[in-house]
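Here the structure comes first, spelled out in structure tokens, and everything after it is commentary.
In what follows, chains are A, B, ... by sequence order, proteins preceding strands, each numbered from 1.
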2 protein chains.
Amino acid sequence: MLLETYKVACSNCNLRELCMPMGLNQEELQKLDDVVATRRKVSQGETLYRNGDYFTSLYAIRTGFFKTCVSSPDGREQVTGFQMAGEIIGLDGITSDHHNCNAVALEDAEVCVMPFADVEEMSREFPVLQRHVHKIMSREIVRDQGVMMLLGNMRAEERLAAFLLNLVQRLNARGFSRSELVLRMTREEIGSYLGMKLETVSRTFSKFSEEGIIEVKQRWVKILKPDALKRIFDPECFS
Amino acid sequence: MLLETYKVACSNCNLRELCMPMGLNQEELQKLDDVVATRRKVSQGETLYRNGDYFTSLYAIRTGFFKTCVSSPDGREQVTGFQMAGEIIGLDGITSDHHNCNAVALEDAEVCVMPFADVEEMSREFPVLQRHVHKIMSREIVRDQGVMMLLGNMRAEERLAAFLLNLVQRLNARGFSRSELVLRMTREEIGSYLGMKLETVSRTFSKFSEEGIIEVKQRWVKILKPDALKRIFDPECFS
DNA sequence: GCAGAAATTTGACCTGCATCAATACAGAAA
DNA sequence: TTTCTGTATTGATGCAGGTCAAATTTCTGC
């Protein structure tokens, strides 16, 4: 794990429309540059933080791709989310001053370290940032509710369709193709996130492929019929 | 739905050790009394807010019991949580200025209305309150991660055991028995929360009962062997 | 009190996904 | 290149929990 302390700046980061600086004015942006004191590189397979670690900072992902996961005392692992550039992780640590999950880089990554005390201090000064922080936390809560719906009510095909649609939608917001993507995670990790076994993930991919909805080659996926995916996920939206 | 506008006070509320005022000093408490402008009664079966409603306020539950639930466009419903006195609901509305789920009273209830703009204003003034609000949101995120673990990895018996243990633990923190409880929700609502059908919930209750772990009579439940429940939920913690 | 509705329990059967197992494939190191 | 290792695919079989159905209990309104 490398720790770099060179000066960084939100004000000219190309993620500023997605990430923490979103909606801030020039003055606020410059203040934020002070909060985001350092960056940190995390190489593939390494953890940014671990369950039990003392919580000090939130992290804005600058490059790379993460998974967060909790594990039960008997070792079963649940992936709770996949995060990409511009997304904020570490919110789970605020309640108890200790992190409650592991954040693992699925590819070489770099994050901006935002000491939470500084974020709070700046939030008190700038209502826009305060509201933004609240929105980020609330968005996470809403996302989690969506995952509960997936896990509690949806069948394997619906889960995978929703997963793929969500992924391309987020990638598209970052300037990537709306139809092609390279999965950064294994079948097992997808399965863990979606509450199914890796074999079922693989079979469901194959099924979509046979039906001409997608083209799959290992980690590479091309969505041929986005409407068909939407119809699987939510039959009503086409009724 | 009744709307009452009489003066209320956190400063002498008997929930102040659990609820929003937790950890505030005298001065802060008195300020909070101004934020919590009104109370609102919600009778059994009515909704406090609905998916799509404009978001203005958080709500602290004073008395009664709520469920929150999201529903898919085709009508499937997922209960995302059960909330009791002293807990804060409405956080889902912050991201988009619109609520993202329904909050339904499972028994006659009363909530304290906290206009979010006022909460934010006061947070800027009092770091203790700011931190507390952040902790409340973070706690919800951590709770949701736990539900994901339940739904993604646990079997029916484990889910129900975890559910019961969580419920009595929270009731106990409010001065109720650690072994006896009256469920405020139907088998179907429990099932929706835990991702199983009402018949499975019922069967699992019966199984626990046959094994002498609990005593059940409709909504009334007595936990006879808490350790056995813990062992089901988490076999390792006794190994 | 009674009638009807709603919730719960229990049984019989079925299915979607898990499990077990074998094979194929791709990237990394030698 | 070859081997090794982790990942992915595919097939065969089993079972936890879903589905359907019927009986029982409790709740509600009159």
Side-chain angles (χ1 to χ4, degrees), chain A residues 43-45 65 67 76-79 104 106-108 150-164 181-211 214-222 232, chain B residues 43-46 65 67 76-79 104 106-108 150-164 181-211 214-222 232-233:
Chain A
S43 37
Q44 188 175 55
F65 203 93
K67 69 170 176 181
R76 282 176 286 186
E77 190 172 87
Q78 173 71 31
V79 172
V104 181
L106 295 181
E107 59 181 4
D108 290 353
L150 273 192
L151 294 176
N153 272 302
M154 308 286 214
R155 288 169 317 98
E157 288 178 37
E158 300 177 287
R159 294 181 201 189
L160 194 66
F163 170 75
L164 286 173
L181 69 158
V182 175
L183 299 169
R184 252 70 235 216
M185 68 294 279
T186 66
R187 301 287 189 260
E188 186 166 19
E189 287 161 336
I190 297 172
S192 172
Y193 182 56
L194 298 177
M196 47 209 255
K197 293 291 143 178
L198 69 94
E199 294 94 329
T200 308
V201 175
S202 181
R203 274 184 243 277
T204 310
F205 269 126
S206 301
K207 181 156 186 290
F208 286 171
S209 182
E210 282 158 26
E211 290 167 346
I214 62 174
E215 207 181 320
V216 200
K217 199 167 190 192
Q218 305 281 129
R219 303 278 179 106
W220 176 86
V221 179
K222 182 167 189 175
I232 289 167
Chain B
S43 37
Q44 189 175 57
E46 291 189 339
F65 203 92
K67 69 169 176 182
R76 281 175 287 184
E77 192 172 86
Q78 173 71 33
V79 171
V104 181
L106 296 180
E107 60 181 3
D108 290 354
L150 273 191
L151 293 175
N153 272 303
M154 307 286 214
R155 286 165 325 95
E157 289 177 36
E158 300 176 287
R159 295 181 200 188
L160 196 65
F163 171 75
L164 287 173
L181 70 158
V182 176
L183 298 169
R184 251 70 233 217
M185 68 295 279
T186 66
R187 300 287 187 262
E188 187 167 19
E189 286 162 336
I190 296 172
S192 172
Y193 182 55
L194 298 177
M196 45 207 259
K197 293 291 143 177
L198 68 95
E199 295 92 330
T200 309
V201 175
S202 181
R203 273 183 244 277
T204 310
F205 269 126
S206 301
K207 180 156 187 291
F208 287 172
S209 181
E210 283 159 27
E211 290 168 346
I214 62 174
E215 207 181 321
V216 200
K217 200 166 187 192
Q218 305 282 131
R219 303 278 179 106
W220 175 87
V221 179
K222 182 168 189 173
I232 288 167
F233 171 48

Have a look at Thr186(A) and say if it touches a base, only the backbone sugar-phosphate, or nothing, with a 4.0 Å heavy-atom cut-off.
-> sugar-phosphate
Of the nucleotides dT7(D), dT9(C), dA21(C), which one has an atom closest to the side chain of Val216(B)?
-> dT9(C)
For the base of dC20(C), is there a side-chain donor-acceptor partner from Glu199(A) under 3.5 Å away?
-> yes
Has the side chain of Gln218(A) got a donor or acceptor atom sitting under 3.5 Å from an opposite partner on the base of dC25(C)?
-> no
Criterion side chain to side chain donor-acceptor pair (under 3.5 Å) against Arg184(A), the qualifying member of Glu189(A), Glu107(A), Gln44(A) | Glu107(A)
Rounding to a whole Å, what distance do you find between Leu151(A):CG and dC17(C):C1'?
-> 14 Å
Could you state the CG-P distance from Asn153(B) to dG17(D), rounded to the nearest angstrom?
-> 13 Å
With sugar-phosphate meaning primed atoms plus P, OP1 and OP2, does Gly195(A) contact a base, only sugar-phosphate, or nothing at under 4.0 Å between heavy atoms?
-> sugar-phosphate
Donor-acceptor contact below 3.5 Å, side chain Glu46(B) vs main chain Val104(B) = no
Residue pair Lys217(A)/Arg203(A) against DNA chain C: nearer the 5' end by closest nucleotide is Arg203(A)
Rounded interatomic separation in angstrom, taking CD from Glu157(B) and P from dG17(D) | 8 Å
Please check the phosphate of dT9(C) (OP1 and OP2 only) for any side-chain N or O of Ser202(B) closer than 4.0 Å.
-> yes
Rounded distance (nearest 0.5 Å) linking atom CG of Leu160(A) with atom OG1 of Thr200(A) = 10.5 Å
Would Glu199(A) and Arg203(A) pass as an ion pair if we require N to O under 4.0 Å?
-> no
What nucleotide, of dT9(C), dG18(D), dT9(D), holds the atom closest to the side chain of Met196(B)?
-> dG18(D)
Among dA8(D), dG17(D), dC17(C), the one nearest Ala156(A) by side-chain distance | dC17(C)
Rounded to whole angstroms, how far apart are CG on Leu198(B) and P on dA22(D)?
-> 17 Å
Distance, rounded to the nearest Å, where Glu107(B) contributes CD and dC27(D) contributes P | 15 Å
What nucleotide among dT8(C), dA16(D), dT19(D) has an atom nearest to a side-chain atom of Lys197(B)?
-> dT19(D)
Would you kindly give the CZ-to-P distance between Phe205(B) and dT10(C), to the nearest whole Å?
-> 13 Å
Send over the distance from Leu194(B) CG to dG17(D) C1', rounded to a whole Å.
-> 14 Å
In whole angstrom, give the distance that lies between atom CD1 of Ile190(A) and atom P of dT7(D).
-> 13 Å
Could you pick out which residue, Met154(B) or Val201(A), lies toward the 5' side of DNA chain D when each is mapped onto its nearest nucleotide?
-> Val201(A)
Between dC20(D), dA7(C), dC17(C), which nucleotide gets closest to the side-chain atoms of Arg219(B)?
-> dA7(C)
How long is the span from the CZ atom in Arg159(B) to the CZ atom in Phe233(B), to the nearest 0.5 Å?
-> 12.0 Å
Indicate whether OP1 or OP2 belonging to dT10(C) is found under 4.0 Å from a side-chain N or O atom of Ser206(B).
-> yes
Please round to the nearest 0.5 Å and tell me the distance separating atom CZ of Phe163(B) and atom CD1 of Ile190(B).
-> 4.5 Å
